[in-house]
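Hydrogens, waters and symmetry mates play no part in the numbers below; they use all other heavy atoms, side chains included.
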Amino acid sequence: AFCAIEIYRFNIIAFKSSIRSVVDTPDGKIWFVFNERIISRGPEGEREWKIPFKDVILCATASVGKIYIGTASGSLICFDPISSMFTREVFSKSRINCLQLTSGGGLFVGTREDGLYFKPAGGGELVHYLEDLCSPYVLSLCEDMDGNLWVGTLKGLNLITDGKVIGSY
């Protein structure tokens with residue numbers, strides 16, 4: 001197998017901070033998230049936005065064109081590239097380790113010591129998973145083809161189906 005690698009050189013700025021996350025969106029853009037800024041690169045060129053909050057850890061994208069960014073302080077930052085607006089929502093006092101968008105448009109937020117949160121698509125009541133998890137330290141999240149969520153924790157693996165923790169491995 002052959003793999004082509006393209007070296008990205010940014011035209012907008014010279015910077016020395018590390019990239020925290022790279023994501024792509026259905027419109028063909030690739031997004032680079034740094035501690036202090038977001039840069040998009042697409043067919044129309046590059047754009048840059050300054051993030052008004054600090055300690056970016058991870059990001060993911062939603063099909064509606066939003067970029068979600070987890071922080072060390074437990075806040076979830078939502079960026080809307082159309083309006084160039086950032087909003088902030090506090091989930092926990094614990095660092096956000098991982099994010100997973102669901103096929104139904106909801107968002108799972110895994111934290112360092114406060115378990116797992118689920119934010120339903122279109123609003124609704126926030127769900128907090130803590131007691132049934134193998135550990136409150138959530139390291140990774142993955143939705144499978146059947147819509148089940150696999151939760152990797154410090155002490156094992158959990159399976160969530162239809163909003164309930166049904167397995168621990």
Side-chain angles (χ1 to χ4, degrees), residues 17-27 29-41 49-130 132-165:
S17 63
S18 57
I19 295 174
R20 296 304 198 146
S21 188
V22 179
V23 295
D24 63 343
T25 50
D27 60 0
K29 291 180 183 168
I30 188 163
W31 297 84
F32 302 90
V33 180
F34 301 83
N35 268 338
E36 67 286 341
R37 68 183 57 108
I38 295 177
I39 296 175
S40 72
R41 180 172 230 180
W49 296 266
K50 184 173 182 348
I51 298 173
F53 312 107
K54 301 294 182 200
D55 300 324
V56 174
I57 302 302
L58 168 70
C59 75
T61 59
S63 59
V64 294
K66 303 242 189 277
I67 297 174
Y68 296 96
I69 304 166
T71 71
S73 63
S75 295
L76 180 71
I77 298 169
C78 178
F79 173 62
D80 180 345
I82 305 247
S83 67
S84 296
M85 295 293 297
F86 288 88
T87 57
R88 185 178 193 167
E89 184 175 353
V90 177
F91 271 80
S92 166
K93 291 182 181 177
S94 184
R95 179 178 118 171
I96 294 176
N97 279 344
C98 49
L99 302 169
Q100 175 67 49
L101 291 162
T102 68
S103 53
L107 177 69
F108 280 98
V109 179
T111 70
R112 182 176 184 170
E113 297 167 337
D114 197 23
L116 180 68
Y117 290 87
F118 177 66
K119 180 179 181 172
E125 189 173 329
L126 191 67
V127 179
H128 186 203
Y129 298 89
L130 184 62
D132 294 333
L133 297 177
C134 294
S135 167
Y137 200 118
V138 178
L139 297 169
S140 60
L141 301 167
C142 180
E143 184 182 47
D144 66 21
M145 294 184 325
D146 298 322
N148 301 310
L149 184 75
W150 294 89
V151 182
T153 74
L154 192 61
K155 295 184 178 179
L157 182 67
N158 289 104
L159 175 62
I160 297 178
T161 301
D162 296 325
K164 295 182 174 55
V165 179

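The two residues S135 and K155 make their nearest non-hydrogen contact at CB-N, 3.8 Å. Of all heavy-atom pairs between S21 and V23, the closest is OG-CG1, 4.0 Å. Across every non-hydrogen atom of P81 and W31, the tightest pair is CB-CH2, 3.6 Å.
Looking at heavy atoms from C-beta onward, S103 lies in side-chain contact with E143 at the 4.5 angstrom threshold. When side chains are defined from C-beta on, F86 counts as touching I38, because their heavy atoms get closer than 4.5 Å. Residues L76 and L99 are in side-chain contact: their nearest non-hydrogen atoms beyond the backbone lie under 4.5 Å apart. Using a 4.5 Å heavy-atom threshold, the side chains of F53 and S73 count as separate.
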Could you check L116 against L149 for side chain to side chain contact (heavy atoms under 4.5 Å, CB included), going step by step and ending with a plain yes or no? CA-CA 11 Å; L116 180 68; L149 184 75; 3.9 Å; yes
Does F34 form a side chain to side chain contact (heavy atoms under 4.5 Å, CB included) with I19? I'd like the steps, not just the answer. CA-CA 5 Å; F34 301 83; I19 295 174; 3.3 Å; yes
V138 vs N97, side chain to side chain contact (heavy atoms under 4.5 Å, CB included): CA-CA, chis, key distance, verdict: CA-CA 7 Å; V138 178; N97 279 344; 5.6 Å; no
Working for side chain to side chain contact (heavy atoms under 4.5 Å, CB included), residues V22 and F32: CA-CA 5 Å; V22 179; F32 302 90; 3.8 Å; yes
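Of the options L141, N158, L159, a side chain to side chain contact (heavy atoms under 4.5 Å, CB included) to W150 is made by L159 and by none of the others.
Once rounded to the nearest 0.5 Å, the distance linking CD1 of I96 with OG of S75 reads 7.0 Å. In this structure, CG in D24 is found 14.5 Å from CZ in R41, a value given to the nearest 0.5 Å. Summarising the geometry, atom CZ belonging to R37 is positioned 9.0 Å from atom CD1 belonging to I51; distances are rounded to the nearest 0.5 Å. Atom CG of L157 and atom CG of L133 lie 10.5 Å apart (nearest 0.5 Å). Taken from NZ in K66 to CG in D80, the straight-line distance is 3.5 Å, to the nearest 0.5 Å. One finds the NZ atom of K29 at 9.0 Å from the CD1 atom of I67 (value rounded to the nearest 0.5 Å).
Counting heavy atoms of neighbouring residues, nucleotides and ligands inside a 6.0 Å radius, atom CG of D162 does not exceed 12 of them.
D114 and S92 share a donor-acceptor pair across their side chains, judged by distance under 3.5 Å alone.
Judged by distance alone, the side chain of Y129 and the main-chain N or O of G163 form a donor-acceptor pair under 3.5 Å.
Classified by interplanar angle (parallel below 30°, tilted 30° to 60°, perpendicular above 60°), the ring pair F118/F108 is tilted.
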